Chemist: 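First the structure, then my questions, so here it is.
Residue numbers begin at 1 in each chain, while the letters A, B, ... track the order of the sequences. Because the structure is a prediction, the values reported are computed rather than measured.
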Amino acid sequence: MLELFKSNVAGKASRALLNASRIILGNKYILAGFIIVLVFVLMAILADFIAPYSPIEIVGPVLQPPSQKYLMGTDNLGRDVFSRTIYGSRVVLLTTAIAIALSGAIGTLLGLISGYIGGALDRVFSFIMDSIYAFPSLILAIALSVALGPSPINAAIAIAVVYIPTYFRMVRGQVLSIKNEPYIEIARALGIPSTRIVTRHILPHVGRTLMVVFSMNSADAILTEAALSFIGLTVQPPQPDWGFDLYKGRGFILTGYWWMMVFPGFCITLLAVGFALISEGVSTVISGGKR
Amino acid sequence: MGLARYIAIRALAIIPTVLILYTLVFIVLRVLPGNPVLAAIGTKNIPEEQLKELMKELGLDKPLYQQYFEYLYNFIRGDMGQSMIIRGRSIAGDIADKLPATIELSVWSIIFSLLIGIGLGYLGARAHSRVVKTAVRLTGSILFVIFIPALGLSLQLIFSKYLGLLPIGGRLSSVGLLKPITGLYTIDALIELKPLVFIDALQHLLLPAFTLGLVISGPYIRLTMNNIEEVLESKIIEAYRARGVREEKIFRHAFRHVLIPITTYTGLQFSLLMGGAVLTETTYNWPGIGTYLVDKVMYRDYTAIQAVVIIFAVIVGLTSLIVDILYALIDPRVRY
């Protein structure tokens, strides 16, 4: 029995892996985006091995241009820009990942409840969500992070709140369209409890939608995170952080110390482009390759 | 008559949305734990007496529900309270000073984004090669995820530092050049018949408006391209072609169909535009409410932050109203 269960799980896992790799390899946008994101993820994980210097210690003279010793030069305090850029990927990726997980979980839960129960509760939820959705997400995220205080985890919460409506709307719509299918009615007629119907019979159908929202959402979330750190609402100095390093580099443009700003700025954009390519690929796959 | 009623109903519909956002902002900034005064001062070493005095002065000692309604009442009257940092400074006055700069930047950015977006989208739709089509479509997705400060700072580096062609930031080379009438400097310069100042204002506007415009042009590219292509496949166009109507004229016809989705989208775009404006203004030291917000964030000036955020909510509400009206005017199918 246990053997069967094991092989079943292994089978499922390997099939899922196979499916995932087929999707990734089957579409060149997804593949390109995946490679970009993967490079950054590896960079974050292996930062200790890749970075030649400590990101927060002064390792040389200030404002040195890129050279063999300092690949991306040194900043105004004499820290190695290359090492800071490598370590900076950690904050962005971690904050965004937490934010997406939170907003996905809460948005999905609220969407399921609201869509399945319906009635007044649904109307109230939808109205609040629509109001948040209509509001400039960055500005709301700024207000939230200010209130919560500057830190990566608070920034993640702020970003999560802003994106909950996106998940909520998609999931709710999906639930509404499934809710009246005959098989759900049968389940209800059989007296299966609502929670079981929702988790076992509705939730699995929402997965596909979630993937689409997730792929569209992540590039945006990266940019929001970068924007929050640009105005100093995530990690505090001297911790390395692309957005805030970019902000500091701003002051050194007229004096021509371009390397302080170009590298972190490029990384933010490239990472967002990676996610955008995945999203592009996913929507191509979903629409059957038409658009 | 019908239209007036439609506008009135749509206008009333904004109120609950703004109220919800006000409530949300209020909860976030006032109800959440943490004393805003302490955060603003940045130290906890302040005598109890003095703290109480400060709280009283700012009206923070009253019960929350009273603060909630008082603030709302004052806000409607145009009183947004005083800055927590610069004592006695009226926030409404500050915002009135900064708002025109943001409006001017936004309007020019929209113009840029429409030019770039519709232009590229049109080219993409007309192109015969698949490679060009794909390239245009991909450009649309990628432009949209460019990090505004990264693009802005790179443009500053190229055009201001190395080529020396354009100013690095601000709205005018010297503040004394204009006596603001509307606060929109390009228009003020024209009213005051100062062509050189007009050019100066344009030079300052060019990079920020292009930066923001380029980033938000992405969706327009796809929208234009998809809609033109869709119309070109329709039966009407087939009928035109069958009658031997010139290809130029057919395109002009197809193009008209793009206007409705573009108008709708511009309304939706506005909330993105506002978020983008905050970053663009900060990047270029553009003295609008975006820069104001970021300044206040850095000083933890809660009352000012609250006011700016609610102002943004009102702006978004108003633009969605304007778009709805435009929509009703352009599209005869809209019933009111």
Chemist: Counting heavy-atom pairs under 4.5 Å with chain A, which one of Gly276(B), Pro149(B), Ser160(B) comes out on top?
Modeler: Pro149(B)
Chemist: Atom CD of Gln203(B) and atom OG of Ser173(B): how far apart are they, to the nearest 0.5 Å?
Modeler: 7.0 Å
Chemist: Please flag which part of Ile168(B) lies under 4.5 Å from any non-hydrogen atom of chain A: side chain, backbone, both or neither.
Modeler: side chain
Chemist: For Tyr247(A), is it the side chain, the backbone, both or neither that has a heavy atom under 4.5 Å from a heavy atom of chain B?
Modeler: side chain
Chemist: Taking every heavy-atom pair that is under 4.5 Å apart, which of Pro264(A), Pro150(A), Gly232(A), Gly249(A) has the most such pairs with chain B?
Modeler: Pro150(A)
Chemist: With a 4.5 angstrom heavy-atom cut-off, which part of Ile305(B) approaches chain A: side chain, backbone, both or neither?
Modeler: side chain
Chemist: Is there a donor-acceptor contact under 3.5 Å linking the side chains of Thr211(B) and Tyr284(B)?
Modeler: yes
Chemist: Chain A heavy atoms under 4.5 Å from Val278(B): which part of the residue, side chain, backbone, both or neither?
Modeler: side chain
Chemist: Phe144(B) versus chain A, heavy atoms under 4.5 Å apart: side chain, backbone, both or neither?
Modeler: backbone
Chemist: Which region of Leu246(A), side chain (C-beta onward) or backbone (N, CA, C, O), has a non-hydrogen atom less than 4.5 Å from a non-hydrogen atom of chain B, or is it both or neither?
Modeler: both
Chemist: Count the heavy-atom pairs under 4.5 Å between each of Ile315(B), Leu151(B), Leu138(B) and chain A, then report the option with the highest count.
Modeler: Leu138(B)
Chemist: Look at the aromatic rings of Phe26(B) and Tyr68(B) and report parallel, tilted or perpendicular, splitting at 30° and 60°.
Modeler: perpendicular
Chemist: Is chain B contacted by the side chain of Leu233(A), its backbone, both, or neither, given a heavy-atom distance below 4.5 Å?
Modeler: side chain
Chemist: Cation over ring, Arg172(A) on Phe125(A), under 6.0 Å and within 45°?
Modeler: no
Chemist: Counting only non-hydrogen atoms closer than 4.5 Å, does Met274(B) touch chain A with its backbone (N, CA, C, O), its side chain (CB onward), both, or neither?
Modeler: both
Chemist: Scan side-chain atoms only and decide if Thr224(A) and Tyr163(A) contain a donor-acceptor pair under the 3.5 Å cut-off.
Modeler: yes
Chemist: Are Ser114(A) and Asp122(A) close enough that a side-chain donor and a side-chain acceptor fall under 3.5 Å?
Modeler: yes
Chemist: What is the distance from atom OG1 of Thr95(A) to atom CD1 of Ile222(A), rounded to the nearest 0.5 Å?
Modeler: 9.0 Å
Chemist: For Val262(A), which atoms come within 4.5 Å of any heavy atom of chain B: side chain, backbone, both, or neither?
Modeler: side chain
Chemist: Of all of Val316(B), Leu272(B), Thr282(B), which one pairs up most often with chain A through heavy atoms under 4.5 Å apart?
Modeler: Thr282(B)
Chemist: Could you verify whether a donor N or O on one side chain and an acceptor N or O on the other, from Ser141(B) and Glu280(A), lie under 3.5 Å apart?
Modeler: yes
Chemist: Distance check, rounded to the nearest 0.5 Å: Phe34(A) atom CZ versus Ile278(A) atom CD1?
Modeler: 7.5 Å
Chemist: What part of Ile20(B) gets within 4.5 angstrom of chain A, counting heavy atoms only: side chain, backbone, both, or neither?
Modeler: side chain
Chemist: Is it the side chain or the backbone of Thr23(B) that comes within 4.5 Å of chain A heavy atoms, both, or neither?
Modeler: neither
Chemist: Where does Leu277(A) contact chain B at under 4.5 Å (heavy atoms): side chain, backbone, both or neither?
Modeler: side chain
